[in-house]
Amino acid sequence: MTKVIAILLILLMLIQIIKPLNIPGLRRRMDFWKLALFAFAIWTLALLLREFT
């Protein structure tokens, strides 16, 4: 599951660099770092859930 999440979020970051998503907060190409922080948070949450379940 974590691999699927990682691949999808990396693809989303690449799309943001090529053509911005035009979502509030993600209107510029340089905003891909926000997606990286979101990806790290989701990945951490998935690992913690897997560890404690």
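Worth saying up front: this structure is predicted, and the values here are computed from it rather than measured. The first residue in the sequence is number 1, and the count goes up from there.
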Residues 6-16 side chain polar contacts: donor-acceptor under 3.5 Å, at least two apart:
unit_1	atom_1	unit_2	atom_2	d
Gln16	OE1	Leu21	N	3.0
Gln16	NE2	Leu26	O	3.3
Gln16	NE2	Arg28	O	2.6

> Who pairs with Arg27 by side-chain contact (heavy atoms from CB on, under 4.5 Å), at least two apart in sequence or on another chain?
Replying inline: Asn22, Pro24

> Who passes side-chain contact (heavy atoms from CB on, under 4.5 Å) against Leu48, sequence neighbours left out?
Replying inline: Thr44, Phe52

> With a 4.5 Å heavy-atom cut-off, do Ile42 and Phe40 have their side chains touching?
Replying inline: no

>> Which Ile, Leu, Val, Met, Phe, Trp or Tyr residues join Leu49 in one cluster when any pair of side-chain heavy atoms under 4.5 Å counts as a link?
In response: Leu45

> Honestly curious: do Ile17 and Trp33 fall in one hydrophobic cluster under the side-chain, below-4.5 Å linking rule?
Replying inline: no

>> Show every salt bridge (Lys or Arg N to Asp or Glu O under 4.0 Å) that has at least one partner inside residues 12-26, sequence neighbours left out.
In response: none

